[in-house]
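What follows is a single structure, written as structure tokens, with notes after it.
The first residue of the sequence shown is numbered 1, and numbering continues consecutively from there. It should be emphasised that the depicted structure is a prediction, and the values quoted were computed from it without experimental measurement.
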Amino acid sequence: MAGSGSYGAVPSTPLLKDELDIVIPTIRNLDFLEMWRPFFQPYHLIIVQDGDPSKTIRVPEGFDYELYNRNDINRILGPKANCISFKDSACRCFGFLVSRKKYIFTIDDDCFVAKDPSDKEINALAQHIKNLLSPSTPFFFNTLYDPFCEGADFVRGYPFSLREGVPTAVSHGLWLNIPDYDAPTQLVKPLERNTRYVDAVLTIPKGTLFPMCGMNLAFNRELIGPAMYFGLMGDGQPIGRYDDMWAGWCSKVICDYLGLGVKTGLPYIWHSKASNPFANLKKEYNGIYWQEEIIPFFQSVTFPKECTTVQKCYIELSKQVKAKLGKLDSYFNKLADSMVAWIEAWNEFSASGKVGAAAAEVPNGPAKGK
């Protein structure tokens, strides 16, 4: 593990310093961290290396981190390792599993620090923390955006009985430059860039689903962590690039049921490169087709009163996935089984720090390939 050093200016008392982990999935050297150093250096990083485990991933000096590759995942989870996707950014959810912190911020390695309209660098992590630490208002829409933001409040006609709000479980950030488009939209708008900065945070209303992007995302692990399973995607699976969508749909219906909030809007990051639309189309093809059935499924999900925890809700959801989406394709039976394995791993890991007989040792990142 790399020790922290005196690199760059960092705040003297960063918010949630000992209560938040930053999870990064990657296949390459993490040079992008240099730009984030002033904001990320005080925090602990969990790096999940995808692809070839013999490859050495270089992490800039001065960051406190642990790095896991596929061999570590197999060792720690044993037979349950199959629920963690391979050759897909969905592998990031392994970092959610091994974290011991209350909050998680996850970001992709092609995301850089954005600037607001006044040309000031945006501390995305600080804004996510602000979102998570303030209540959400999913039961009644406030037309003046987030009433808990500075300079805003509840508008006339907003019921006083609902103004206390509910705990915020998820903070979903946005992107400047390269938008998060699917392959068909990429193909017809290859040069489109998002230059519009909207200074707003919204609570997504109860009963409303949304497309959750995992490249700039934070959540309260204690409130919703078990539902943040990024599905079974990538290598050996008939679908990719729907991992964060799946986690978003599952977590949103569970948040709605348990009375938790989801926010979207600020903060922005700078998304630096567009992935290949033809490669994306191959990964997304089934998802684009299947989502026309998946969305109505999630819109109709109900939970019995026995579902009093996120884990119980997620197991119930897995049963409904198998019963209703299994008819669509056998993949969903496999996905439902992996959802159960994920929850079993989460429960075992939460209780003892290990799954089965495999202890979760902290690997030495830089020495991985030596």
- Is Lys102 salt-bridged to Glu19, going by a charged N under 4.0 Å from an acidic O?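 No.
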
- Message: Between Lys87 and Asp50, does any side-chain N to carboxylate O distance fall below 4.0 Å?
- Response: no

Gap separating the [atom1] atom of [X] from the [atom2] atom of [Y], nearest 0.5 angstrom:
X	Y	atom1	atom2	value
Ile239	Gln291	CD1	CD	8.5 Å
Ser318	Leu325	OG	CG	11.5 Å
Ile57	Tyr65	CD1	OH	10.5 Å
Phe39	Phe105	CZ	CZ	11.0 Å
Cys91	Phe86	SG	CZ	9.5 Å
Lys252	Leu260	NZ	CG	10.5 Å

Using only heavy-atom distances, determine whether the side chains of [X] and [Y] contain a donor-acceptor pair under 3.5 Å.
X	Y	value
Asp109	Thr26	yes
Asn131	Gln127	yes
Tyr103	Glu222	no
Ser338	Lys80	no
Glu66	Tyr68	yes
Asn280	Ser275	yes
Asp180	His271	no

For the pair [X] (side chain) and [Y] (backbone), establish whether a donor and an acceptor sit closer than 3.5 Å, ignoring hydrogens and angles.
X	Y	result
Arg163	Thr137	no
Asn286	Pro238	yes
Thr106	Val23	yes
Asp72	Asn69	yes
Tyr268	Val198	yes
Asp256	Gly207	yes
Asn29	Asp31	no
Asn216	Leu174	yes
Thr309	Lys312	yes
Asp108	Asp110	no

- Take Phe63 and Phe40, measure what ring-ring contact (aromatic ring centres under 6.0 Å, His included) needs, and give me the verdict at the end. CA-CA 8 Å; Phe63 287 94; Phe40 288 2; 7.7 Å; no

Side-chain touch [X]/[Y], heavy atoms, less than 4.5 angstrom:
X	Y	value
Val262	Phe219	no
Leu45	Asp64	no
Glu164	Pro135	no
Ile76	Phe94	yes
Ile46	Ile24	no
Leu67	Gln49	yes
Cys255	Lys206	no
Glu284	Pro184	yes

Distance-minimising heavy-atom pair for [X] and [Y]:
X	Y	value
Asp243	Ser89	OD2-OG, 3.3 Å
Ser350	Arg100	O-NH1, 3.6 Å
Cys93	Ile84	SG-CD1, 4.1 Å
Val321	Ala336	CG1-CB, 4.1 Å
Thr168	Asn220	O-CB, 4.1 Å
Asn333	Lys322	OD1-CG, 3.3 Å

Counting heavy atoms not belonging to [X], are there more than 12 under 6.0 Å from its [atom1]?
X	atom1	value
Lys101	NZ	yes
Lys120	NZ	no
Tyr145	OH	no

- Derivation and outcome, salt bridge (Lys or Arg N to Asp or Glu O under 4.0 Å), residues Asp337 and Lys334: CA-CA 5 Å; Asp337 290 339; Lys334 193 175 177 183; over 6 Å; no

- Start with the C-alpha gap between Phe96 and Tyr229, add the side-chain angles, then the distance that decides, and say whether ring-ring contact (aromatic ring centres under 6.0 Å, His included) holds. CA-CA 9 Å; Phe96 309 161; Tyr229 174 52; over 10 Å; no

- Candidate pair Asn74 and Arg70, rule side-chain contact (heavy atoms from CB on, under 4.5 Å), full reasoning: CA-CA 6 Å; Asn74 292 339; Arg70 192 70 204 185; 3.6 Å; yes

Indicate if [X] and [Y] have the same hydrophobic cluster label, given that clusters are the connected sets of ILVMFWY residues with side-chain heavy-atom separations under 4.5 angstrom.
X	Y	answer
Leu258	Phe139	no
Ile295	Phe332	yes
Val340	Val253	yes
Val113	Leu20	yes
Leu133	Val166	no

Can you classify the ring geometry of [X] versus [Y] as parallel (below 30°), tilted (30 to 60°) or perpendicular (above 60°)?
X	Y	answer
Tyr242	Trp249	tilted
Phe303	Tyr257	tilted
His172	Trp175	perpendicular

- Which of these, Phe298, Trp290, Phe230, sits in a ring pair (Phe, Tyr, Trp, His ring centres under 6.0 Å) with Trp246? Phe298

- Task: Please assess Asn123 against Leu125 for the test side-chain contact (heavy atoms from CB on, under 4.5 Å), listing each intermediate value before the final yes or no.
- Result: CA-CA 6 Å; Asn123 183 346; Leu125 180 52; 3.7 Å; yes

- Message: Pair Ser134, Lys263 - check side-chain hydrogen bond (donor to acceptor under 3.5 Å, both in side chains), show working.
- Response: CA-CA 10 Å; Ser134 65; Lys263 293 186 177 184; 2.6 Å; yes

